[in-house]
Amino acid sequence: MNDLSPIATDRASAAEGVRARLANTSIAPNRVMTDPLMTYAYSGDASQYRLVPAAVVIVNSEDEVRAVVAAARAEKLPLTFRAAGTSLSGQAITDGVLAVLGDGFKQMRVLDGGDRIVLGPAIIVAQANRVLKPLNRKLGPDPASQATCKIGGVVNNNSSGMCCGVAYNTYHTLERMRVMLVDGTVLDSGDPDSVAAFRKSHAQLLDALHALHHEVTANAALVELIRTKYRIKNTVGYSINALVDFHDPIDILIHLIVGSEGTLGFVSEVTYRTIPEHPFKVTGLIPFPDPHSAGRAITRLANGGVQSTTGVTSAEYIERRALATVEHLPVIAPFVPLLGPNSPVILIDVTAPDPQTLALEVAKAEAILREEGATDLNFSPDEERSHALWDVRKGFFASAGAARPKGTSMLTEDVAAPIERLADFVIDLRALLDAHGYEDAVIFGHALAGNLHFQMGDDFSIPGQDEKFDIFSRALSELVSVRYGGSLKAEHGTGRAIAPFVEREWGAAAYAIMRKIKPLFDPEGLLNPGVLITPNARAHVENLKLMPLANPIVDLCIECGFCEPACPSAQLTLSPRQRIVTTREMARLRATGEDNARLAAMEESFAYAGLYTCAAGNVCAGRCPVGIETGTMVIGERARRQTEASRRIASTAARHTRAIEAGLTAGVGAQALSRRIIGDGATDAIAGAMRKVLKTPRVSRALRPGPGAPPAAIGPNLRNDPRTTGFPVPIATQPDNRVVYFPACPTRMFGANPTPYDLRPAPQAMIALLTRAGFEVIVPDGLDGQCCGQPFLSKGFPEQSQQVGDRLVEKLAPAGARVLTDASTCAKHLKEHHGTVTVADSAEFLVAEVLPRLTVTRKLPAVAVHHNCSAQRMKEQAAINAVAAACAETVAPLETVSCCGYAGDKGLYVPELNQWATRFVKNDIPADCTLGVSTVSTCASGLSERAGIPFVSLASLLEYVTRPDAS
């Protein structure tokens with residue numbers, strides 16, 4: 001077979017040709033990217049490979065995909081489809097056209113009470129499972145990356161996961177597929193009319209598939225090989241079990257598409273048969289004295305390789321060297337004393353439909369574990385503990401990757417062996433890694449299916465390291481494919497990593513069948529060439545990533561992409577992963593000086609895409625298994641790019657915060673007055689013209705003037721308190737019930753939108769709540785202009801931030817009491833940068849100390865809840881939800897909004913970020929919900945505009961529902 005990839009001789013010209021050909025389609029110009037920054041941003045997936053695409057196109061419909069296919073063909077550029085870009089074998093990258101799935105492919109419909117679900121390829125697996133969970137159902141495939149990976153990748157890689165085994169992967173739970181072939185024809189296997197039309201239009205293709213079916217089934221030895229290979233997890237090569245399992249060529253076709261890695265067509269929709277998600281479960285982290293005993297135990301727990309949704313549904317093997325990378329975590333630390341130098345653990349879930357069955361299954365599992373030498377049995381139904389343990393396991397790919405030496409690429413492989421040989425396989429795999437110089441490698445995996453993952457680091461900038469990896473890869477192929485009759489790729493897909501070894505694993509007869517499949521679907525070799533089947537024997541050691549040091553904050557990043565679903569600017573401009581990727585390349589270009597023109601172009605584009613549109617709230621760090629704060633890197637880069645002139649302006653602003661606050665307050669008030677007098681339309685027109693000329697902030701219809709600072713006050717019982725006055729009087733013996741209330745600057749400047757309820761402004765509501773709960777409230781005087789300094793820091797002015805924050809602390813500290821503020825961003829900043837004062841955020845204080853002292857006198861039907869970035873970083877989601885639950889019958893967290901993108905003043909100066917980040921927010925609002933809450937007033941302003949209901953402070957809502965005179 002020849003690699004028929006149609007490479008244009010001038011990729012830059014061809015890329016511009018693609019842009020020109022797409023100009024008259026529904027694809028907006030900003031969704032076609034050919035510039036150096038954005039193409040490099042999409043140059044890698046989660047694997048060790050990198051290819052810079054000539055063009056990147058974000059597609060939202062089948063018609064757009066059809067147009068991109070035609071443009072790529074006309075310009076002689078290969079085409080690759082990309083979902084989440086979490087692929088681990090290099091199958092989601094290209095040097096041609098990269099078609100990235102956009103919002104248009106996020107369709108989802110639940111059928112038959114959850115027994116079936118229709119999904120678009122851009123739906124994240126965890127999103128589907130979140131919808132199915134109340135119905136006690138879930139998808140069969142459950143990859144560790146399920147919080148990030150998308151259905152398109154799961155289908156095209158036939159991904160499985162921790163509990164999936166073989167029985168519940170896409171191949172076996174797929175009911176229907178909608179797929180577009182390279183000629184633009186769409187087949188919907190669940191639509192009789194579509195199937196009938198396809199049988200006529202593509203009779204030749206179907207006849208060829210039927211002939212392959214007969215060719216395979218006529219070869220008894222080949223049939224037996226196929227059945228044997230697919231008893232364990234196997235994603236090496238095409239899914240030729242379809243040629244044995246099915247007779248109808250339509251069924252054969254859609255099951256060949258599963259696991260084809262985008263080389264045969266484009267999947268635009270699938271229907272899954274779901275599996276039970278039993279409500280009763282226990283989890284245990286079970287230590288063993290040595291790998292062999294752990295392997296024996298897993299073999300016995302595996303039920304002969306037959307997967308079930310009852311009993312032991314997952315058993316994750318984690319070797320001692322892997323545990324060493326996470327033993328500092330609180331949930332793992334208690335197990336460390338139980339571990340010897342070579343002790344692995346098995347993370348086990350036992351599930352059942354009822355408590356009685358669960359007890360029986362746990363007893364059976366414990367008997368096996370005890371007999372095989374387990375040193376501790378600790379099964380527990382504690383959900384929080386279970387989630388924490390599984391978060392560690394799901395994060396191993398990134399956390400173990402972060403343990404590699406800085407500057408090295410992370411390498412990962414994914415192998416499987418027959419479950420009855422697992423104990424020996426674990427030992428031999430470890431020996432192979434050590435023998436080839438990968439002593440730093442760690443092993444873990446879904447051992448219940450005989451599936452082990454391992455990963456290690458290597459620096460391919462050092463001459464000879466690619467040869468070292470080549471020698472190891474060939475030795476691995478012999479161990480897994482030949483000695484153990486296993487799978488070189490159990491669930492990650494073949495990709496570039498294993499394509500050269502497909503024939504070695506399958507043998508000549510099976511490989512010959514696979515070679516016939518690709519030309520039947522894609523005779524030009526347009527789709528994802530070089531992936532899955534290739535004549536290039538060195539594909540696995542070409543286009544390897546270099547990971548130059550760029551910034552200590554992000555140097556540990558392995559480019560897994562786990563951060564991306566949390567990012568408000570992903571697909572608007574850059575995601576956190578892409579900011580890191582492009583930062584690395586710019587650092588490399590600066591160091592080598594090899595292409596100053598490309599460096600200049602990237603740095604110029606990065607100013608907007610990388611810096612200006614980054615919310616810098618670090619909500620991405622909450623999704624990163626090692627907590628990388630890309631926002632902190634961005635803030636540092638903003639500071640690096642500041643000029644002396646900009647620093648002087650910032651210093652002037654820091655000295656005149658009161659005047660700035662007064663000016664902004666007046667501006668917000670003026671636009672509100674203008675709307676009352678001349679209307680919204682005229683006001684928007686005038687403000688828009690001013691913004692174009694003077695770069696003034698955008699004036700939103702949801703922007704309301706704030707209440708300002710409340711008058712200075714001191715609780716009535718404190719007027720003679722020596723802690724306040726300094727004079728010794730008997731009241732000094734009373735308990736310290738003082739609270740210093742600091743209304744943050746956004747709370748003072750920005751007010752809430754009108755609501756159907758008689759709500760008080762946040763400062764008044766907070767003072768009323770504290771007084772009602774029996775606290776002695778102190779409001780310092782002269783709060784106008786006082787600021788924690790966070791806005792200065794986020795813009796890249798750390799010195800000015802410290803100056804402003806210190807001035808505030810001087811104002812708050814003399815009171816000597818706890819400080820309560822009403823903006824999560826302010827609370828977080830004061831805690832991290834001004835530790836001399838004890839600061840509480842409104843959510844944590846209200847739920848712990850105010851709510852227990854109050855009586856709820858009325859409730860709202862429903863309230864929408866926003867967890868802003870700082871609240872997430874301080875892990876206040878539960879506190880916010882608890883206060884909201886006390887105020888409303890139904891609490892509706894904003895599932896589609898991780899960060900609203902308002903980001904302080906970004907909503908004023910970069911409104912497109914807020915608009916993009918909240919584009920799905922109306923889907924989160926229940927029909928009977930007329931109010932939402934947020935713990936930052938600027939976020940509330942942006943959400944009020946985008947969600948269609950007003951958002952207010954938590955204090956305003958709680959004060960309303962606990963007001964004693966409520967009717």
Side-chain angles (χ1 to χ4, degrees), residues 653 656-676 683 687 696-713 741-755 757-770 777 779-791 804 808 811 820-827 829 841-842 866 868 870 900 902-909 911 914 931-945 949-960:
H656 298 90
T657 51
R658 184 171 184 174
I660 291 172
E661 181 176 327
L664 285 171
T665 302
V668 174
Q671 67 89 23
L673 179 62
S674 173
R675 293 186 187 282
R676 287 198 297 271
T683 301
T696 54
R698 173 181 177 268
V699 178
S700 161
R701 297 184 183 187
L703 203 61
R704 305 286 170 170
Y741 171 49
F742 170 58
C745 51
T747 306
R748 303 193 302 265
M749 290 189 288
F750 302 111
N753 278 250
T755 74
Y757 310 99
D758 178 25
L759 301 184
R760 294 178 179 176
Q764 294 180 23
M766 186 67 80
I767 293 171
L769 277 174
L770 294 172
V777 186
V779 180
D781 62 351
L783 289 180
D784 292 321
Q786 293 293 338
C787 172
C788 68
Q790 193 273 337
V804 171
L808 171 64
K811 176 71 67 174
L820 171 65
T821 188
D822 49 26
S824 298
T825 48
C826 183
H829 183 84
D841 187 26
S842 56
H866 172 234
N868 69 77
S870 294
C900 72
Y902 212 91
D905 63 359
K906 290 289 182 192
L908 303 176
Y909 290 95
N914 173 237
L931 194 72
V933 291
S934 176
T935 53
V936 178
S937 62
T938 49
C939 296
S941 174
L943 289 165
S944 296
E945 179 178 12
I949 62 171
F951 276 71
V952 301
S953 81
L954 210 54
S956 295
L957 177 60
L958 184 60
E959 191 281 327
Y960 174 75

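In this text, all values refer to a predicted model and were calculated from it rather than measured experimentally.
With sequence neighbours excluded, no residue forms a side chain to side chain donor-acceptor pair (under 3.5 Å) with Ser941.
Side-chain atoms of Thr825 and Ser870 include no donor-acceptor pair closer than 3.5 Å. Ser824 and Asp841 form a side-chain donor-acceptor contact under 3.5 Å, judged by distance and modelled atom types alone. There is no side-chain donor-acceptor pair under 3.5 Å between Tyr902 and Asn868.
For the atom pair His829 NE2 and Leu808 CG, the distance stands at 9.5 Å (nearest 0.5 Å). Separating the OG1 atom in Thr665 from the CZ atom in Phe750 is a distance of 7.5 Å, to the nearest 0.5 Å. Note: Leu957 CG to Ser934 OG = 12.5 Å, rounded to the nearest 0.5 Å. Interatomic distance, Ile949 CD1 to Thr755 OG1, rounded to the nearest 0.5 Å: 11.0 Å. The distance from atom CE of Met766 to atom CG of Asp822, rounded to the nearest 0.5 Å, is 5.0 Å. Atom CD1 in Ile660 sits 9.5 Å away from atom CE in Met749 (nearest 0.5 Å).
Between the side chain of Ser944 and the backbone N or O of Phe951, at least one donor-acceptor pair lies under 3.5 Å. Judged by distance alone, with hydrogens and angles left aside, the side-chain atoms of Asn914 form a donor-acceptor pair with the main-chain N or O of Cys900 at under 3.5 Å.
Using a 4.5 Å cut-off on side-chain heavy atoms (C-beta onward), His866 and Val936 make no contact. Between Leu759 and Leu931, some side-chain heavy-atom pair lies under the 4.5 Å cut-off. No side-chain heavy atom of Pro707 sits under 4.5 Å from any side-chain heavy atom of Arg760. Put simply, the side chain of Val952 reaches to within 4.5 Å of the side chain of Val933, judged on heavy atoms. At a threshold of 4.5 Å between non-hydrogen side-chain atoms, the residues Tyr757 and Ser956 do not count as touching.
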**Prompt:** Should Asp781 and Lys811 be marked as a side-chain contact (heavy atoms from CB on, under 4.5 Å) after you check the CA-CA gap, both sets of side-chain angles, and the distance that decides it?
**Reply:** CA-CA 8 Å; Asp781 62 351; Lys811 176 71 67 174; 3.8 Å; yes
**Request:** Walk me through it: do Thr657 and Asp784 pass the test side-chain contact (heavy atoms from CB on, under 4.5 Å)?
**Result:** CA-CA 8 Å; Thr657 51; Asp784 292 321; over 6 Å; no
**Request:** Check step by step if side-chain contact (heavy atoms from CB on, under 4.5 Å) holds for Leu783 and Phe742.
**Result:** CA-CA 8 Å; Leu783 289 180; Phe742 170 58; 3.9 Å; yes
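Here the options are Cys788, Cys826, Ser842, Pro743, the test is side chain to side chain contact (heavy atoms under 4.5 Å, CB included), and the partner is Thr821; only Cys826 passes.
The nearest pair of heavy atoms linking Ala955 to Leu769 is O-CD1, 3.4 Å. What you find for Pro763 and Tyr741 is that their closest heavy atoms are CA-OH, 3.2 Å. Shown here for Asn753 and Pro950, the closest heavy-atom pair between the two residues is CB-CB, 3.9 Å. Between Arg748 and Gly785, the closest heavy-atom pair is NH2-N, 3.6 Å.
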